[in-house]
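In listed order, ligands and their atoms are each counted from 1. Heads up: numbering here begins at 1 and tracks the sequence.
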Amino acid sequence: MSNVKPNILLIYTGGTIGMVKDIKTGALHAFNFKNLLKQIPELKLIDCKIEAMSFENPIDSSNMKPEYWIQIANSIELHYNEFDGFVVLHGSDTMSYTASALSFMLENLSKPVIFTGAQLPIGDLRTDAKENLITSIQIASLQNEKREPIIKEVGLYFEYKLYRANRTTKINAENFQAFNSLNYPYLAESGVHLKINHQYLLKTKPNQPLIVHKKLDNNIALLKLFPGFAASHLNSVLKTPNLKAVLLETYGSGNCTTEKWFLNALKKAIANGIQIINVTQCVGGGVNMGQYETSSHLKSIGVISGKDMTTESAITKLMYLLGKSYLEKSLKHEFEIALRGEIT
Ligand code: ASP
C-alpha cells in the first residue's frame, strides 16, 4: 500500500480560536493566522500534509454574512481536487449558520468539510482550541483502504464530538460543550479512540461532480412568536420590501395563536406570494402541523413545515432554495424533503 499522506486545507475565517486580548480594552480581537500555527507545534505530528489559508481580515463570526459563505465555498471549489479534506476555523457564535449554509451550497460533496473553533483563544492555558483543531484535522484526513474519504459531508467538531453541521445549534456561551444536535446522533466521538458512527454518516451518490451554489437570496425574515406578540409587529415585517419568505418560530410542535388577525395576515401574505415556513422554537423535536388545533389552521392555509430542522438550517436552506433560478418541484416540496440530511 502506498503511504501517501492525506492533504488537508485549513481555512481560517476568524473567531476566538485565533484571537488575542487588546491590552488597553481587554476585548478579544482576531489576529494573524500565521501566529495561530506557531502556537500548535503538535500539528507537525499529525500524519497528513497541512496547508493553510486565511481571510485577509479575519472576523468575529458575529460579522459573518452570505458574502463570506460564498468566499469559503469559492476556496473549497478552487482547491477541491488538490486536497483530501477541508477544515474551516470559524467563530462559534454563527458557526452553525455558516456550516449549514455550506452544506446546501456544496452539492454532491464527496470530501470532508469540518468546521471547528474554540471557546478560549489558542494562547490561553486552558484553551479548548488545540483539541478541537487537532481532532478536526484527523477527522478530515480519515480514509478507507482505497484512500477514499470516510466523511463526505459538512461536519462540525467541538468538544470531543463530530456532528452533522446542519443539525447543530450553539447552546452554550460558557461551556466547552458549546454545540448540540438534539435531532440527530453525533457522527463521531473522540475518546482514547476516535469512534466513527458509520451508520449515521451521509450516504452520497458516487461519481457526481461537485456543484457549488453561490446564489443566496436573503429577502427573508425570521419571526419568533411570544405570548403578547403584536399585530403591528407582524404587519410591519410583512410589509418589508421584496420579502419572499418568513420563517415563523412557533411553539412546541409548530403551534401558534388561533386569533383571527394573525391567521388573516398570514393568509393574505401567502396569497401575495410570500412563503410562510413553520419551525419550532424548541431545540429538540419538530413541527407536526395538525397534531393540535393550534397548528391545523396553519396547515390548511398552506404554511410550509420546517419539520425537525434547526432554525439555522431552515434559514440557510431557504436562502439557497430562493437563490436557485430553477426548482424541479415547488419550494414547499424542496423545503420539506431532506436535501443534505437536515431532516429526519
Ligand atoms: N465571538 C466569537 C466569534 O463567534 C466567539 C467564538 O469564536 O467562539 O467569532
Assess Ala178 for proximity to ligand 1: is some non-hydrogen atom of it under 4.0 Å away? no
Does the ring centre of His213 sit less than 6.0 Å away from the ring centre of Phe104? no
With respect to His90, which candidate in Thr98, Thr116, Thr16, Thr13 satisfies the side-chain hydrogen bond (donor to acceptor under 3.5 Å, both in side chains) definition? Thr98
Is there a polar contact between ligand 1 and Ser62, counting only N or O atoms under 3.5 Å apart? no
Once the angle between the rings of Tyr186 and Tyr163 is folded into 0 to 90°, is it parallel (under 30°), tilted (30 to 60°) or perpendicular (over 60°)? perpendicular
Check: Asn7 main-chain N/O paired with Asp84 side-chain donor or acceptor under 3.5 Å: yes
Does an N or O from Ser61, backbone or side chain, lie closer than 3.5 Å to an N or O of ligand 1? yes
So, regarding Ile59 and ligand 1 (criterion: nitrogen or oxygen to nitrogen or oxygen, under 3.5 Å), is there a contact or not? no
Whether Phe229 and Phe262 hold their rings parallel, tilted or perpendicular, with breakpoints at 30° and 60°: perpendicular
Give the numbers and elements of all ligand 1 atoms closer than 4.0 Å to a heavy atom of Gly15. 7 (O), 9 (O)
Ligand 1 N/O within reach of Asp93 N/O, cut-off under 3.5 Å: yes
Distance from atom 8 (O) of ligand 1 to nearest protein heavy atom, with residue and atom: Ser92 OG, 2.4 Å
So which protein heavy atom does atom 6 (C) of ligand 1 come closest to, and at what separation? Thr16 OG1, 2.8 Å
Ligand 1 and Asp60, any nitrogen or oxygen pair closer than 3.5 angstrom? yes
Does the Thr127 side chain pair with the main chain of Pro121, one donor and one acceptor, at a distance under 3.5 Å? yes
Distance alone, cut at 3.5 Å: any donor-acceptor contact between the side chains of Tyr157 and Glu131? yes
